[in-house]
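Contents: one structure, followed by commentary.
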2 protein chains.
Amino acid sequence: MTETSLRQDLQNLPRTDAALDRLVEEIIGRVADKWTMLLIEILTEQECCRFGELSRACTGISQKMLTQTLRAMERDGLVTRTVYPVVPPKVEYRLTDLGLGLSKAFCGVWIWAEANFEKIEKARSDYAAKATVQDPS
Amino acid sequence: MTETSLRQDLQNLPRTDAALDRLVEEIIGRVADKWTMLLIEILTEQECCRFGELSRACTGISQKMLTQTLRAMERDGLVTRTVYPVVPPKVEYRLTDLGLGLSKAFCGVWIWAEANFEKIEKARSDYAAKATVQDPS
DNA sequence: CTCCATACTCTCTTTTTGGTAAGTATAAAT
DNA sequence: ATTTATACTTACCAAAAAGAGAGTATGGAG
């Protein structure tokens, strides 16, 4: 099923709980993405950024991914994109209130990750050790 | 760079802020995943589930993805996997404390998505309308 | 003897994702 | 006349993700 047909389904069907859940899940899937979250963090720290600034601040992202991610965020109403008709081009991005709300909501997950990364690392090495013992190829 | 070599780097290098950030980002990337989040929700609601129950509760997931996701969650210490040596096989999954913590942290994002899906839909239709006007192919 | 149930695993194929590199537009600076 | 700067877009290719479907192991029921 395409994204568009999914959205149409969701618009035309009676809004059952199940349909609503699907929509919410789709949004979670869209938003729970590494680059999206990193960009939200950057734009939370520095309110207003040009394309080049974001590119430098977001280590490892390619131009293509940066453009794609920013477009998707704009489409979903998380950022605004302001184009200044000058040469060379100048485009500014900033979070909307919606984007800021997501930033705050996701903050809990960052905190969790920062508070628990040692436990996760330990779980991983325990798991690896167990696998090695049971399967000594 | 492989996952393993990344982890080794992170273990051997002095824990600079940047290295820590990378680790936290990797965890966010791992964990901010549709199926992982859905399974955490299911296991939050019903503490203890067998493979087949999860498969039925998690609409649309394939066996392969379910196995993969559960293994990754087990590896990261989010769930426990208990195998009963009976025929036919019986395996039970439940959240660890770590998994429960993530469940709580991510809860904010679910709430945000449920509270704001209408705004997001509106943003999307506005964006689509704008694109149609500017580019009437 | 055959079938069933369960929780996988394996193989094959398709789809999606993401990277690289080149191209575009244009005014100002050299 | 050539270069520079910026924010892209496009085309092409490789890698990764994900789905479909068959296979596996085994004790008990019929």
Side-chain angles (χ1 to χ4, degrees), chain A residues 1-6 25-26 29-39 42-43 48-75 79-94 131 134-135 137, chain B residues 1-6 25-26 29-39 42-43 48-75 79-94 127 130-131 134-135 137:
Chain A
M1 158 137 37
T2 65
E3 224 182 290
T4 306
S5 71
L6 173 60
E25 283 165 23
E26 188 264 343
R30 213 2 302 297
V31 127
D33 159 78
K34 180 187 172 186
W35 297 129
T36 303
M37 284 305 147
L38 284 175
L39 289 172
I42 293 165
L43 285 165
C48 178
C49 289
R50 297 183 62 178
F51 186 87
E53 292 177 294
L54 291 172
S55 181
R56 267 166 264 128
C58 199
T59 319
I61 199 169
S62 66
Q63 274 199 335
K64 183 180 165 180
M65 277 308 294
L66 181 54
T67 308
Q68 266 182 29
T69 307
L70 286 170
R71 282 300 138 75
M73 291 171 78
E74 193 196 352
R75 187 174 93 86
V79 297
T80 57
R81 177 169 177 270
T82 313
V83 180
Y84 297 92
V86 295
V87 167
K90 178 177 175 183
V91 180
E92 281 179 357
Y93 295 89
R94 58 180 79 210
Q134 285 181 357
D135 170 28
S137 56
Chain B
M1 161 140 32
T2 65
E3 223 182 290
T4 306
S5 71
L6 172 61
E25 283 166 23
E26 188 264 343
R30 208 10 297 296
V31 128
D33 158 78
K34 182 186 170 186
W35 296 128
T36 303
M37 284 304 148
L38 284 175
L39 289 172
I42 293 164
L43 286 165
C48 178
C49 289
R50 297 183 60 177
F51 186 88
E53 291 178 294
L54 291 172
S55 181
R56 267 165 265 130
C58 198
T59 319
I61 199 170
S62 66
Q63 275 199 337
K64 182 181 166 180
M65 278 308 294
L66 181 53
T67 307
Q68 266 182 30
T69 308
L70 286 170
R71 283 298 139 78
M73 290 171 77
E74 193 196 352
R75 188 174 93 88
V79 296
T80 56
R81 177 169 177 270
T82 312
V83 182
Y84 296 90
V86 296
V87 168
K90 178 176 174 182
V91 179
E92 281 180 356
Y93 294 90
R94 57 181 79 211
Y127 187 85
K130 210 175 59 178
Q134 286 182 358
D135 171 28
S137 54

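Chain letters run A, B, ... following the sequence lines, proteins first and then strands; every chain starts at 1. What you are looking at is a predicted structure, and each value in this text was computed from that prediction instead of being measured.
- Nearest-nucleotide mapping onto DNA chain C: of I61(A) and R71(B), the residue sitting toward the 5' end is R71(B).
- Counting to the nearest Å, the P atom of dT6(C) and the CD atom of E92(B) are 14 Å from each other.
- Checking dA7(C), dA7(D), dA5(C) against the side-chain heavy atoms of P88(B) singles out dA5(C) as nearest.
- Which of dG19(D), dC8(D), dT6(D) sits closest to the side chain of M65(B) comes down to dG19(D).
- The distance from atom CD of Q63(A) to atom P of dT20(C) is 11 Å, rounded to the nearest whole Å.
- The side chain of P89(A) has dA7(D) as its nearest neighbour among dG19(D), dC8(D), dA7(D).
- Nearest nucleotide to the side chain of R81(A), out of dA7(D), dC8(C), dA7(C): dA7(D).
- We find that CG of L66(B) is positioned 17 Å from P of dA17(D), with the value rounded to whole Å.
- Listed nucleotides dA5(D), dA7(D), dC8(C) differ in distance to R50(A); the shortest reach to its side chain belongs to dA7(D).
- Side-chain N or O atoms of S55(A) include none that pairs as donor or acceptor with a backbone N or O of F51(A) at under 3.5 Å.
- Side chains of T36(B) and R30(B): a donor on one and an acceptor on the other come within 3.5 Å.
- Here the C1' atom of nucleotide dA7(D) and the CD atom of Q68(A) are 15 Å apart, to the nearest Å.
- Checking dA7(D), dT20(C), dC8(C) against the side-chain heavy atoms of K64(A) singles out dT20(C) as nearest.
- Between dG27(D) and Y84(B), no contact under 4.0 Å exists linking OP1 or OP2 to a side-chain N or O.
- In this structure, CZ of R56(B) is placed 8 Å from P of dA7(C), rounded to the nearest angstrom.
- Close to dG19(C), at under 4.0 Å from its OP1 or OP2, lies a side-chain N or O of S62(A).
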